Protein chains: 2
Amino acid sequence: MADIFKALADPTRREILLMVAEKPTNINTLVDHFEMSRPAISKHVKLLEASALLNIQTGATDTRQRICHIQLEALKEVEDYMEQLERFWKKRMDRLGEFLDNQSD
Amino acid sequence: MADIFKALADPTRREILLMVAEKPTNINTLVDHFEMSRPAISKHVKLLEASALLNIQTGATDTRQRICHIQLEALKEVEDYMEQLERFWKKRMDRLGEFLDNQSD
DNA sequence: AATATAAGTAACTAAAAGGTTACACAAATA
DNA sequence: TATTTGTGTAACCTTTTAGTTACTTATATT
């Protein structure tokens with residue numbers, strides 16, 4: 001599984017995710033939206049898929065189309081990391097609180 | 001201001017942030033914690049500082065020391081992005097709900 | 001005053017990231 | 001059936017990233 005933080009590090013990939021969150025989108029629609037070649041978009045999509053931020057389904061009417069769907073669950077790893085940072089920070093504030101309480105004895 | 005998503009993309013930098021969140025930490029303590037040279041750590045810290053994820057204060061007793069303090073506020077940009085993704089996604093779900101309601105007329 | 005310590009900078013290297021053009025191929029359409 | 005369309009892959013190039021060693025500087029410490 002590819003590193004989700006690395007996946008989010010690129011602005012093009014972040015914008016792809018925004019598009020796909022609004023509406024499932026096929027590859028050519030993405031290509032049209034960016035000033036970038038198809039292989040470039042193709043790679044970005046592949047990486048997003050590898051980090052589980054999106055999955056790809058085959059078009060119902062036109063089976064050539066590959067339609068990207070967002071998978072928000074993958075963001076959990078990022079949320080967990082940020083919560084951990086905050087938890088550590090709060091624990092520190094608690095210790096500081098205890099320290100200050102003891103000072104007032 | 002450096003890209004915060006890029007700053008978080010590197011595992012060493014993420015771990016530095018965790019350490020610093022628990023406790024303000026000077027450079028050498030960071031260097032000791034990783035199997036990596038000082039210049040490498042120095043660069044990571046610099047980048048974290050440039051993206052406002054931490055700030056550096058001079059040691060009170062030993063003024064040579066540069067002590068890293070976390071700045072959680074910088075995470076807002078990441079939180080905003082994730083909220084936007086979820087907002088887009090929910091709006092879509094709402095539209096789907098309306099569609100299904102109309103079907104049952 | 002001499003030495004040890006905390007940290008930064010310069011110059012370099014290897015690998016990863018992000019892009020390109022050219023080509024291939026299967027499915028839809030005329 | 002011939003052609004167009006949607007997509008993927010290969011090979012390549014350039015820039016960025018992440019690390020190194022060697023050196024410098026300033027402040028503490030003995």
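Here the structure is a predicted model, which means the values were calculated and not measured. A note on names: the letters A, B, ... follow the listed sequences, proteins ahead of strands, and every chain is numbered from 1.
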List for me each residue that meets salt bridge (charged side-chain N to carboxylate O under 4.0 Å, His left out) alongside A:R14, sequence neighbours excluded, and say none if there are none.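 So A:R14 forms a salt bridge (charged side-chain N to carboxylate O under 4.0 Å, His left out) with B:D3.
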
Listed by chain and number, what are the salt bridge (charged side-chain N to carboxylate O under 4.0 Å, His left out) partners of B:R64, not counting sequence neighbours?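 Once residues adjacent in sequence are excluded, the partners of B:R64 under the salt bridge (charged side-chain N to carboxylate O under 4.0 Å, His left out) criterion are B:D62.
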
Starting from [atom2] on [N], measure out to [atom1] on [X] and report it in whole angstrom.
X     : N      : atom1 : atom2 : result
A:H33 : D:dG6  : NE2   : C1'   : 19 Å
A:M36 : C:dT21 : CE    : C1'   : 16 Å
A:D3  : D:dT17 : CG    : P     : 15 Å
A:K46 : D:dT7  : NZ    : C1'   : 11 Å
B:Q65 : C:dG8  : CD    : P     : 11 Å
A:Q57 : D:dT7  : CD    : C1'   : 17 Å

Determine: side-chain N/O of [X] to OP1/OP2 of [N], distance under 4.0 Å, yes or no.
X     : N      : answer
A:S42 : D:dG8  : yes
A:R66 : D:dG8  : yes
A:H44 : C:dG19 : yes
A:R38 : C:dT21 : no

Near-strand residues of residues 19-30 of chain A, defined as heavy-atom separation under 4.0 angstrom from DNA chain D: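 Contacting residues: A:N26, A:I27, A:N28.
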
Considering only NZ, NE, NH1 and NH2 on the basic side and carboxylate oxygens on the acidic side, decide whether B:D80 and B:K76 come within less than 4.0 Å.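 Here B:D80 pairs with B:K76 in a salt bridge, since their nearest N and O are under 4.0 Å apart.
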
Taking the six-membered ring for Trp, are B:F5 and B:Y81 closer than 6.0 Å centroid to centroid?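 Centroid distance B:F5-B:Y81: below 6.0 Å, so yes.
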
Using distance alone, with no hydrogens and no angle criterion, decide if A:Q57 and A:N55 have a side-chain donor and acceptor under 3.5 Å apart.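 A:Q57 vs A:N55: donor-acceptor pair found between side chains.
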
Can you tabulate the close N/O pairs, meaning under 3.5 Å, that link protein atoms to atoms of nucleotides 25-29 of chain C?
from, atom 1, to, atom 2, distance (Å)
C:dA27, O3', A:T63, OG1, 2.9
C:dA27, N3, A:R64, NH1, 3.3
C:dA28, OP1, A:T63, N, 3.0
C:dA28, OP1, A:T63, OG1, 2.8

Is there a donor-acceptor contact under 3.5 Å from the side chain of B:Q71 to the main chain of B:A52?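 Side chain of B:Q71 to backbone of B:A52: a pair is present.
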
Looking at A:A7 and A:L53, what are the two nearest heavy atoms and their distance?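 The pair with the smallest heavy-atom distance is CB-CD1, 4.0 Å.
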
Measure the [atom1]-[atom2] distance between [X] and [Y] for me, rounded to the nearest 0.5 Å.
X     : Y     : atom1 : atom2 : result
B:R66 : B:T58 : CZ    : OG1   : 6.5 Å
A:H33 : A:I41 : NE2   : CD1   : 10.0 Å
A:R13 : A:L47 : CZ    : CG    : 4.5 Å

B:S37 side-chain proximity, nearest of C:dG18, D:dT21, D:dG6: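 Closest nucleotide to the B:S37 side chain: D:dT21.
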
Do the non-hydrogen side-chain atoms of A:L48 and A:V20 ever get within less than 4.5 Å of each other?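 Side-chain contact under 4.5 Å: no.
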
Salt bridge (charged side-chain N to carboxylate O under 4.0 Å, His left out) contacts touching residues 25-54 of chain B (sequence neighbours left out):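 Listed by first then second residue: nothing to list.
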
Under 3.5 Å between N/O atoms: give me all the protein pairs with nucleotides 10-16 of chain D, atom names plus distance.
none

Heavy-atom nearest nucleotide on DNA chain C for B:I56 versus A:L47: which residue maps closer to 5'?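 Here B:I56 is the residue nearer the 5' end.
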
